[in-house]
Each structure stands twice: as C-alpha cells, then as structure tokens.
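Computed from a predicted structure; not experimentally measured. Starting from 1, each residue takes its place in the sequence as its number.
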Amino acid sequence: MAKFEITKGKIKSAIRLCAYGAEGIGKSTFASKFPDPLFIDIEGGTKQLDVSRFPSPESWKTLLEEIDAVIEEPEICRTLVIDTIDRAEALLVSALLSESNTDSIEKYGGGYGKGYTALQERFSKDFLMRLDKVIAKGVNVVLLAHAQMRKLESPDEPPYDRWELKVSKK
C-alpha cells in the first residue's frame, strides 16, 4: 500500500498572476476583467475604470492593513489586484528609511547592501506571505507592475535588450 495518497485531475484553487508592461498599456483594464476585482490602487491608475477599490494607501502599513482586510473578510471580492508592485516596493523603502532614520536605502543599517537585504526580506515576509493567505482564502491575486528595459551583456553573445519588472534586482 502506498505511503501517500495520489490524486488526479484539476484542483480548484485561487491563482496568483503577475502582469507587467509599459505604462498605459492596459494592465489595470486587463485586471478589471477578473472575477469581482477589488483594487489596491497605489498609483491612481484606475480612475477611469468602473471598479471597486480601497483608498490609495499612503504608507506600507496601510497597504498591509488593506490586504489583511481581505484575509479577514474574503467575501468582499473574488480577486485582489495590487496596482502596482513597484509602487508597493517604494512604500516599503519609505517605511524602512523612516524606521532607520536614514535618507537612502544604500545607507540603511550601515550600508554594505543591508538595505536591499532588508527590503527583500520584508517584501517577502510582510507582503508575499500575506498574499499567500489571501489565496488560501480562495481569492485570486493579480499583481501589476511596470516594465523596464535593461541591456544585458554576455561574454559569449552580443548585447541585447530585455524587459523586466521595474523593481529592485533583489
């Protein structure tokens, strides 16, 4: 007899999706087509859309509180849209700088990359883990982000441009 139960077929579950592109390309409009969306519109890009939205968070703490509201009452929506994660990251940078009384992420914790490490850890722990809880409650999560072009140079190939998320490299 098998030690583990084997299942087959599709498993009904909420999804997490990240869509990124240039400004004004229609990311918010795309996200508005998901079932019963509720936006956390950090940058104010949904003004021309007929959607439900939380007040635009002005701080990292408020952003997390809005996500917590969906965890506590998942019936308020079927899809939570974060518009955009690059603006969410900027809120976290502001919070970290305020907590450490510094004016640059480079100087955070005495420098040597400690600011970027703290940024990565807090973004994962405070933000992404909360979104996992939203998904566990059966609510879809759509993350929107801006794109930026970066030139990649390889010793083996000629340099080329590549689109990537407009967030810190860590």
If every non-hydrogen atom of [X] is compared with every non-hydrogen atom of [Y], which pair is closest and at what distance?
X    : Y    : answer
A31  : F39  : CB-CZ, 3.9 Å
P74  : K137 : CB-CB, 3.8 Å
A147 : A22  : CB-N, 4.2 Å

**Report entry** V70 and its side-chain contact (heavy atoms from CB on, under 4.5 Å) partner, picked from L38, T79, L131, V141
**Finding:**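 Only one option passes, and that is L38.
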
**Report entry** Euclidean distance, I71 CD1 relative to I76 CD1, rounded to 0.5 Å
**Finding:**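 It comes to 10.5 Å.
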
**Report entry** With sequence neighbours excluded, residues passing ring pair (Phe, Tyr, Trp, His ring centres under 6.0 Å) with F123
**Finding:**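 Checked F123 against ring pair (Phe, Tyr, Trp, His ring centres under 6.0 Å); matches are F127.
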
Does the side chain of [Y] come within less than 4.5 Å of [X]'s, by heavy atoms?
X   : Y    : result
T46 : S32  : no
E43 : E23  : no
P37 : V142 : no
I40 : R87  : no
I42 : P57  : yes

Query raised in the report: Does K133 have any salt bridge (charged side-chain N to carboxylate O under 4.0 Å, His left out) partners at least two apart in sequence or in another chain, and if so, which?
Result: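 Testing K133 for salt bridge (charged side-chain N to carboxylate O under 4.0 Å, His left out), a comparison that skips the adjacent residues, returns none.
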
